[in-house]
Asker: 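Before I ask anything, let me first share the structure, which is written out below as C-alpha cells.
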Protein chains: 2
Amino acid sequence: MNFYSDFPKILVAVDAIIFGFNENEHELKLLLLKRQFAPEKGNWSLMGGFIDPEESLDNAAQRIVKKLTGLDQVYMEQLYAFGDVNRDAGGRIISVAYFSLIKINEHDSELVKKYGASWITISELPKLIFDHEEMVKRAMRKLRIRARTQPIGFELLPNKFTIPQLQRLYEAIYQVPFDKRNFRRKLLAMGLLEKLDEKEKETSKKGAFYYQFNKTKYGELLEKGLNFDL
Amino acid sequence: MNFYSDFPKILVAVDAIIFGFNENEHELKLLLLKRQFAPEKGNWSLMGGFIDPEESLDNAAQRIVKKLTGLDQVYMEQLYAFGDVNRDAGGRIISVAYFSLIKINEHDSELVKKYGASWITISELPKLIFDHEEMVKRAMRKLRIRARTQPIGFELLPNKFTIPQLQRLYEAIYQVPFDKRNFRRKLLAMGLLEKLDEKEKETSKKGAFYYQFNKTKYGELLEKGLNFDL
DNA sequence: CCAAAAGTGTTCATCGTACACCCATGT
DNA sequence: ACATGGGTGTACGATGAACACTTTTGG
C-alpha cells in the first residue's frame, strides 16, 4: 500500500466561499474573516484549512464550513483547484476551493463571532489575501451558471418564501432587475412551487403568499432534463 | 517562508483526459494507455503524473500532455479535483484532472507508441483503473457544455476544415445527428468562419469548401457575450 | 448515367420580452 | 385617503425545428 514513496508531497488546503442571503434584504453576502495567524494576519480572507490525510476533499470542505457556521448538510460544490507555486506567501500550498450556499438566518452567529468573521455584501468586498479574490470571482461566475440550470436559489432561502423574495435573490445573484410578471409566470410554469395558504406580512400591507419548493416534482423534471432559465 | 510546517503533506497528481478527433472519421477518441507500473500494472488508465513542488498545477498538466503527445500549447482546462481517501489503491493521492483537446493528426505517434498508448473511440472505452472512468464521464459532460458556449470544436480540427467535417465533430460530441441545413445556417450566421477558395475532395466527388476560423471576430464577439448554441 | 455527398429556403410553433394597471391593507 | 408592495394579461418579434430537392463530379 505504499507504492509511491519516492515522490514529493505537498500541502493541500481547502478554502470555502460561503454565500448567504437574507430574505428581507436585497444583497447577496459572503462570509469572510480576518485571518488570525501569519502570514497576512489581520487581513480579510476566506475560511480555510488543511486537508488531513485521512479525510476526503469533500469532507474537509464540509468540516471547514461547519466549523465556521455550525451547519451540516449545506449545498456545497467544488469550485476549482488553485495551484500556482507562489499563490500563498507562507509556502507552497495547493488549495481546492469549494463554494456553499446557506440560509443566512440559520447559521450559528456565536461561531462566526468567535472566528472574527462577518457577512459582507458582495458589492462591498474588501481586499482579500493571496488569490482569494480570484476564487470569489470564479465562484460568482459559477453561481450564476448554476442558478440557471439548477434551482439552487432555494438553498439560500428558508423553506417558506414568497415570490418577491425569490426574485430579489435572483436579482442579487445576477445584479440585474427582472420583470416581475415574466419572472412569476416562468417560475410557476415550471411547476416546482407549491402555494401555501399563509401570507408573509412583514414587507407589505397586502402581504405575499408563501410558496414552498416541491422536491418530488424537481426529481421528476431532472430525469427529463430540466432547464431553469430565467 | 515556512509558516505551515506542522501540517501533513499529501501526494498530488495530475491526470489528463486527452480528446482527439480525426476529421475523416465520425467518432471522438480518447488517448489511453496501459499502465506500466504497480498497482494495476497493465490495465487501461489515463496519462498522469505527480506534481513537483516547484511547478504549478497547470504546468504539470501541460507537461504530462506534452510527454505523451509531443504537443505544446494545446487547449487545456482543469476539470475537477478528485480527493477520496481510497481512490488510488497505491496510497492516498489527490488527483487534479485536466482535459485537453488536440488535433489527432498532429500528435507524435512515436511517443504514443513508446508509452503503450492508443486512441480509443469513446463509445468503446475499456474498463479503467481507479476513478478514471468517473473522470472521463465528467470530462464528457464538461466538453458538451463547453462546446455550446465556446467554439472549442476548432481545437479538434485542422486549421482548414469543411462544414460537414465540423458537423461530424459536433455529432460525435453530442452523439446526436444535426440537420445539416440548420447547422450550416446557424454556424455561418455567427460570422466566425471564412470561406476559402479551396475544396476538400477526399470524401466526395463534388468536394466541400474549406473554411477557417476567424479569431479576430471571435475576440470581438466574446466582449459582447457570445452564445455558440447549436 | 449513376451514386454519393454538398449545398440551399421556407414554414410554423415556441419562447422571451416589453409593457401598465388594479388590488389589498395598515396607518 | 393614501402610500406601499403584491398581483395579473397581451401583443410582437426572434429563434429553433422540421422538412425535400438540386448540384457536382468521379467512376
Side-chain angles (χ1 to χ4, degrees), chain A residues 22-27 144 147-149 157 160-172 174 176-212 221 224-230, chain B residues 22-26 144 147-149 157 160-172 174-212 221 224-230:
Chain A
N22 183 321
E23 68 272 18
N24 299 317
E25 301 179 15
H26 296 247
E27 285 275 16
R144 289 185 176 130
R148 286 196 184 279
T149 52
L157 287 172
K160 295 188 305 189
F161 53 85
T162 68
I163 292 189
Q165 283 170 353
L166 188 59
Q167 182 172 347
R168 282 195 288 276
L169 169 59
Y170 275 86
E171 290 176 338
Y174 291 110
V176 290
F178 288 89
D179 181 284
K180 64 178 176 176
R181 289 162 288 191
N182 295 338
F183 184 85
R184 177 181 294 263
R185 174 164 3 101
K186 219 162 167 180
L187 212 68
L188 292 176
M190 294 176 196
L192 294 175
L193 294 186
E194 277 171 3
K195 189 175 182 174
L196 304 181
D197 280 333
E198 203 182 344
K199 273 191 170 184
E200 188 274 333
K201 309 267 299 179
E202 303 288 306
T203 42
S204 79
K205 331 240 167 175
K206 183 176 177 181
F209 280 105
Y210 277 117
Y211 286 78
Q212 67 187 14
L221 285 181
K224 302 167 197 160
L226 162 72
N227 76 323
F228 196 76
D229 238 335
L230 298 169
Chain B
N22 183 322
E23 69 271 19
N24 299 316
E25 301 179 14
H26 296 248
R144 289 186 176 128
R148 285 195 186 280
T149 52
L157 286 173
K160 295 189 305 189
F161 52 86
T162 69
I163 292 188
Q165 283 171 352
L166 188 58
Q167 182 173 347
R168 281 195 289 277
L169 169 58
Y170 275 86
E171 291 175 338
Y174 291 109
Q175 300 275 311
V176 290
F178 288 88
D179 180 283
K180 64 178 175 175
R181 289 161 289 190
N182 294 339
F183 184 85
R184 178 182 294 262
R185 174 165 3 99
K186 220 163 166 179
L187 212 69
L188 292 175
M190 293 176 196
L192 294 175
L193 295 186
E194 278 171 4
K195 189 176 182 176
L196 304 181
D197 280 333
E198 203 182 344
K199 273 191 169 182
E200 188 275 331
K201 308 268 297 179
E202 303 288 307
T203 42
S204 79
K205 331 244 165 170
K206 183 176 178 181
F209 280 104
Y210 278 118
Y211 286 78
Q212 65 186 15
L221 285 181
K224 302 168 196 160
L226 162 72
N227 76 323
F228 197 75
D229 237 334
L230 298 170

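Proteins get letters first, then strands, A, B, ... in listed order; numbering begins at 1 in each. These values consider heavy atoms only, across backbone and side chains, with no hydrogens, waters or symmetry-generated copies.
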Asker: Distance-only, no hydrogens or angles: does the K180(B) side chain make a donor-acceptor pair with backbone N or O of R184(B) under 3.5 Å?
Answerer: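 A pair under 3.5 Å: no.
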Asker: What nitrogen or oxygen pairs link the protein and nucleotides 7-11 of chain D at under 3.5 Å?
Answerer:
| unit_1 | atom_1 | unit_2 | atom_2 | d |
| --- | --- | --- | --- | --- |
| dG7(D) | OP1 | F209(A) | N | 3.1 |
| dG7(D) | OP2 | R184(A) | NH2 | 2.5 |
| dG7(D) | O5' | R184(A) | NH2 | 3.3 |
| dG7(D) | N7 | K180(A) | NZ | 2.9 |
| dG7(D) | O6 | K180(A) | NZ | 2.7 |
| dG9(D) | O6 | R185(A) | NH2 | 3.1 |
| dT10(D) | O4 | R185(A) | NH2 | 3.2 |

Asker: Heavy atoms only: give me the nearest A208(A)-S204(A) pair and the separation to one decimal.
Answerer: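 Distance-wise, the nearest heavy atoms are N-OG, 4.4 Å.
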Asker: Distance to the ring centre below 6.0 angstrom and angle to the axis at most 45 degrees; does that hold for R148(B) and Y174(B)?
Answerer: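 Yes, R148(B) sits over the ring of Y174(B).
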Asker: Going by the rule salt bridge (charged side-chain N to carboxylate O under 4.0 Å, His left out), which residues pair with R181(B) if we only count those two or more places apart in sequence or in a different chain?
Answerer: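 Listed in chain order: D179(B).
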Asker: Would you say E200(B)'s side chain and E202(B)'s backbone share a donor-acceptor pair under 3.5 angstrom?
Answerer: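 Yes: the side chain of E200(B) pairs with the backbone of E202(B).
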Asker: Determine yes or no for a side-chain-to-main-chain donor-acceptor pair under 3.5 angstrom, with Q175(B) supplying the side chain and A172(B) the backbone.
Answerer: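 Checking the backbone N and O of A172(B) against the side chain of Q175(B), a donor-acceptor pair under 3.5 Å is found.
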Asker: Measure the spacing between CD of E198(B) and CD of Q212(B) and express it to the nearest 0.5 Å.
Answerer: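 E198(B) CD to Q212(B) CD: 10.0 Å, rounded to 0.5 Å.
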Asker: For DNA chain C, which nucleotides open and close the run of contacts to chain B, 5' to 3', at under 4.0 angstrom from a non-hydrogen atom?
Answerer: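 Going 5' to 3' along DNA chain C, contacts run dA5(C) to dT10(C).
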Asker: Would you be so kind as to tabulate the donor-acceptor pairs closer than 3.5 Å made by side chains of residues 161-168 of chain B, with sequence neighbours excluded?
Answerer:
| unit_1 | atom_1 | unit_2 | atom_2 | d |
| --- | --- | --- | --- | --- |
| T162(B) | OG1 | Q165(B) | N | 3.2 |
| Q165(B) | OE1 | T162(B) | N | 3.0 |
| Q167(B) | NE2 | E171(B) | OE2 | 3.1 |
| Q167(B) | NE2 | F178(B) | O | 2.9 |

Asker: Without decimals, in angstroms, what is the distance between E202(B) CD and dG27(D) P?
Answerer: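 Nearest whole value for this atom pair: 11 Å.
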Asker: Nearest heavy-atom pair of L196(B) and F209(B): which atoms, and what distance?
Answerer: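 Looks like O-CD2, 3.5 Å.
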Asker: Going by the rule side chain to side chain donor-acceptor pair (under 3.5 Å), which residues pair with N24(B) if we only count those two or more places apart in sequence or in a different chain?
Answerer: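 In terms of side chain to side chain donor-acceptor pair (under 3.5 Å), with neighbours along the sequence ignored, N24(B) is linked to no residue.
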Asker: Note every stem involving DNA chain D: at least three consecutive Watson-Crick or G-U wobble pairs, i with j then i+1 with j-1, with both distances under 3.5 Å.
Answerer: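 Stems found: C:1-27 with D:1-27.
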